[in-house]
Amino acid sequence: MPTSSTLGTDLHADPGHLSDPSDLGDLRDWQSALRAQFPIVTGHPGLAYLDSAATAQKPQAVLDAVQTYLTTSNANAGRGTYTWANETTALVERARDRVKRFLRDPDPVSGRSTVHFTSGTTEGLRTVARDWLVSWLRDGDEIIVPFADHQANAQPWLEAQRLLSKRGIRIVIRDMPYEAESHDYDQTALAALVNERTRFVAATHVHHVYGANMNVHRIRRTVGPDVPICLDAAQSIGHLPVDVGALDVDFVVFSGHKAMALPGSGAVWARGARGPEFRPGGWNGSPNTTGVVSLTAALDWLEEAGTERIERWTVGLGARLTEGLRHLPSYEVLGCPLSLAADSGVQRRQGIVTFRHRGISSNDLGFILSSHDVMVRADGHCQARSGEEESSVRVSLHVYNTVEEVDRLLDVLDGLDRQTRGAVTC
Ligand code: PLP
């Protein structure tokens, strides 16, 4: 069996806090106190919501912040001179600082980095493509796109290529290479792709199907100091510490709703230092002020809860689930096989576990689980590369999920495994 070193996998700088993900005992009280803060979760004790990669539930603090804003100072931002308008403008500016601090922006006060609010990751990536990339690229330039990731991180770059082509500017798009076994980006193959015409790399922090932490900090070493890197952080914000300085990326794009803020909120953080300044162009209209207020409250809540501990908890639950699935022969777990076992030396899988039953369609499995009050996602998960749209069942965990919920899911899956084992050829 290959080891992490034969796969070239360079784990987190400090993987110590993830070394025994199945041992969550010391976090139980901490987690119960946090879970109690989610009204939708406590209001439905019989239901297990295991679809947080689609959207996360909201803690009371976020609901309160929105309610307080709407009942005390709701106005438009950046327009008007009366108190509520000024307060709203100040809230939006404060939210920019909040995002910078949450991302551990090494230089938050210089004003060189910027935060632009969007409706989510899709719009954020499209804004980087439309309002920055097209002015950065020149005829004959090359860009690298991760086609095995979410299509939101492929379509905008293809659209930029089409737009430039209409202006007579030809851009070459190269496929980001992946290691076959770990599903990590293949840094050796990437190094071979990079040349003096490489002008941009798009990457993903945590894969939305395989749960893999894509070791994005290694990309800078591979592509050199001058190539801008844009990071889709949709599945990492709120799930693990995100440090833009350590990752050494130029754009970080994420959805507020996946990070416990309201739907229709999100942000693009842009470093000021490399390439032309990121200035989303045109008239942006009125901002989603309640979304922005909810984002500040969500990031406050997440920081207070502690993203290191959230990561430990969700990685631990994911390891428990993959370990359980390993003993059920009817199921095939997608992604890196080395990160499946709780005692694996390679623990890179965040709290996302995706699998198929060898004899039951994933859509049927989704319905069966729903009839047992377990909510999961069952479809092709919007992967960009064609051929990867075959359905699977994705379980995605957050801090409000419990060991008992994972065990309930495993019980149902175990029952199906027993019922169908005779009929399935593995
Ligand atoms: N990128 C990744 C990795 C995702 O998982 C998702 C959504 O699931 C998106 C982008 C798109 O996010 P949104 O629909 O919030 O724009």
Side-chain angles (χ1 to χ4, degrees), residues 49-58 62 99 116-131 145-159 176 178 183-185 201-216 219 229-240 242 247 249 251-269 280 288 291-292 294-295 298-299 314 318 334-335 348-354 366 375-385 388-389 391-398:
Y49 180 75
L50 305 180
D51 195 18
S52 290
T55 198
Q57 300 303 346
K58 323 301 177 202
V62 169
V99 170
H116 170 70
F117 294 111
T118 68
S119 64
T121 309
T122 304
E123 194 206 325
L125 292 168
R126 194 163 270 141
T127 306
V128 174
R130 192 189 52 213
D131 292 340
V145 172
F147 284 106
D149 297 357
H150 198 282
Q151 58 176 300
N153 202 7
Q155 294 304 332
W157 321 123
L158 292 167
E159 284 162 20
M176 173 72 100
Y178 297 81
H183 197 77
D184 203 349
Y185 298 133
V201 176
T204 302
H205 201 184
V206 170
H207 198 278
H208 71 294
V209 180
Y210 309 123
N213 182 323
M214 303 300 284
N215 286 308
V216 165
I219 296 177
I229 299 170
C230 177
L231 187 64
D232 173 347
Q235 297 299 348
S236 57
I237 297 290
H239 291 266
L240 64 154
V242 177
L247 294 173
V249 293
F251 297 94
V252 173
V253 184
F254 66 96
S255 304
H257 70 95
K258 293 183 198 288
M260 302 186 176
L262 290 188
S265 64
V268 177
W269 172 90
N288 172 6
V292 169
S294 75
L295 186 57
L299 298 184
T314 53
L334 310 189
R348 311 170 42 254
R349 196 177 282 240
Q350 303 294 326
I352 296 178
V353 181
T354 302
M375 292 176 262
V376 297
R377 174 142 171 199
D379 62 18
H381 312 298
C382 311
Q383 253 179 303
R385 191 156 65 189
E388 290 186 352
E389 53 292 89
S391 278
S392 49
V393 168
R394 180 181 71 185
V395 171
S396 51
L397 302 150
H398 218 315

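For ligands, and for the atoms within them, numbers begin at 1 and follow the listed sequence. Note that the numbering runs from 1 along the sequence shown for the chain.
- A donor-acceptor distance shorter than 3.5 angstrom exists from the side chain of S396 to the backbone of S52, with no hydrogens or angles considered.
- The backbone N or O of Y210 sits less than 3.5 Å from a side-chain atom of H207, completing a donor-acceptor pair.
- For the salt bridge (Lys or Arg N to Asp or Glu O under 4.0 Å) condition, no pair includes a residue of residues 253-265, sequence neighbours left out.
- N153 places a side-chain N or O within 3.5 Å of a backbone atom of A203 that can act as its donor or acceptor partner.
- Using a distance-only test at 3.5 Å, with no hydrogens or angles considered, a donor-acceptor pair links the side chain of K58 to the main chain of H257.
- At a heavy-atom cutoff of 4.0 Å, ligand 1 is surrounded by A53, G120, T121, T122, H150, A152, H208, D232, A234, Q235, S255, H257, K258.
- The residues R126 and D131 are annotated as not salt-bridged, no charged nitrogen and carboxylate oxygen being separated by less than 4.0 angstrom.
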